[in-house]
There are 2 protein chains.
Amino acid sequence: MAPPTAQPEKRPQSRQAARAQTESAILTAAQTVFAEAGFGGATMQMIADLAGLPKANLHYYYATKEDLYRHVVQDIFEIWLDAAASFDHAPDPATGIGGYIDAKMEISRRHPNGSKVWASEVMHGAPVIQDYLESTLRDWTDGRIAVIQKWIDAGQMAPISPRHLLYMLWATTQHYADFGHQVQTLNGGKPLSKAEWQTAKDTVKQIILRGIRAA
Amino acid sequence: MAPPTAQPEKRPQSRQAARAQTESAILTAAQTVFAEAGFGGATMQMIADLAGLPKANLHYYYATKEDLYRHVVQDIFEIWLDAAASFDHAPDPATGIGGYIDAKMEISRRHPNGSKVWASEVMHGAPVIQDYLESTLRDWTDGRIAVIQKWIDAGQMAPISPRHLLYMLWATTQHYADFGHQVQTLNGGKPLSKAEWQTAKDTVKQIILRGIRAA
DNA sequence: GTCTATATTTCGATAGAC
DNA sequence: GTCTATCGAAATATAGAC
């Protein structure tokens, strides 16, 4: 799987800090293992080994495997929503959508495992976070659709379906995380360099921004 | 999971036909179960129940769970490659890439489970089909990149990175299969209607074809 | 709070009658 | 080729000493 990592430093500290540190180590290890093996393929033993803890300690902090998984998925969802900031208060589509692409591509680069856990959860019918899809995500989506529609009505961009544009933004940016292994294999087996990431970002932005600009 | 389905009809027929029918029923059930539960989450019992067969019969046709899974993934890969036909011998980018988008969107609509199994396999590091990525897929990709580059050199489209354009095509079209559950939830819980599928197709084609056309 | 040892369940795979 | 019954391995979860 991967070598043990993220051992919490053993400095004298408050119990609260120790607890927070252990929880964080467990969550980080869990995110990696769930991303690499899926929920069904992941075992508590793998997560414990990666976190450098006995298996029983995981059950002390999180009652069940599903409980731990739920926390991992929720953490990821927070990160998704934060990228929305780029969208709001933007004066025009190029700024708003271009900034959103930048933010989402950066998340794919820095949190590929989180993206994979989310993708896996949704692909399997969202058994754990269905309520989030129906409440928070739906509200967020409706809000962004309204923003895009206003741009269209103002003649600032072409009259395309805002909803499907959003899906395109999610798909293209998350592809570099979810299918990162395939991208790397087709890149000669080497991870994308800084320049190659920039090319990816520029290509996505150029095609989409040119694709939606007013005729 | 899902109600049993795809019982082979019990007509008098040759042994070969009976075998082919049973194998097909197993593969269809396996594709559904692997898509819904992932490799680790799937059990031979689930697949057997869905196929309407005793669990032992699965091991008669496929020695191990991994052997069965391998066949499912290979079947999907064939379908991907067939969509390449739209690409070749096209006189211009709009025809070639537009046709490819149509073909891939149609695959997402008709074979969402296959797409999910492929996505899951790649997300987990392609443990089973890594050799396909490094041989067949790499060759296919290099060939398509050459075609696109020729269009660019001929001034028929904008000078964007052909490789990342391909990734965009894969991402946007497969999103409607892999994230179909999310798309359906954001569609009010109802599957996309025929008209909504057409809107999705048109939006993807319009944005990408406008995004790459020569300036 | 942490750890070792173990109970309990579940799953992949097989044996063997038909 | 098909099925019932079962083995053996592996995983989740817990008990209980420290």
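Reckoned from all heavy atoms, side chains included, excluding hydrogens, waters and symmetry mates. Just so we're on the same page: letters track the sequence lines, and every chain starts at 1.
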Problem - Base versus backbone protein contacts along nucleotides 12-18 of chain D [heavy-atom cut-off under 4.0 Å; B, S, -] - result: BBB----
Handout entry: Backbone of His111(B) reached by a side-chain donor or acceptor of Ser115(B) within 3.5 Å
Key = no
Handout entry: Residues Asp49(A), Lys55(A): salt bridge by 4.0 Å N-O rule
Key = no
Practice task
Starting at atom CE of Met46(B), determine the distance to atom P of dC11(C), rounded to an integer number of angstrom.
Solution key: 7 Å
Practice task
Go through the structure and list residues passing ring-ring contact (aromatic ring centres under 6.0 Å, His included) with Trp151(B), not counting sequence neighbours.
Solution key: none
Practice task
Quickly work out the Asn57(B) CG to dA13(C) P distance and round it to whole Å.
Solution key: 15 Å
Handout entry: Distance, rounded to the nearest Å, where Gln16(A) contributes CD and dG1(C) contributes C1'
Key = 15 Å
Handout entry: With sequence neighbours excluded, residues passing ring-ring contact (aromatic ring centres under 6.0 Å, His included) with His59(A)
Key = none
Handout entry: Separation of atom CG in Leu58(B) from atom P in dT4(D), rounded to whole Å
Key = 14 Å
Exercise for the section: Give a yes or no on whether the backbone of Leu137(A) and the side-chain of Thr141(A) come within a donor-acceptor separation of less than 3.5 Å. Expected result: yes
Exercise for the section: Take the angle between the ring planes of Phe39(A) and Phe34(A) and call it parallel below 30°, perpendicular above 60°, tilted in between. Expected result: parallel
Handout entry: Atom pair distance, as rounded to whole Å: CZ in Phe39(B) and P in dC11(C)
Key = 14 Å
Exercise for the section: Just call it for Tyr61(B): base, sugar-phosphate, or nothing, with non-hydrogen atoms closer than 4.0 Å on any strand. Expected result: sugar-phosphate
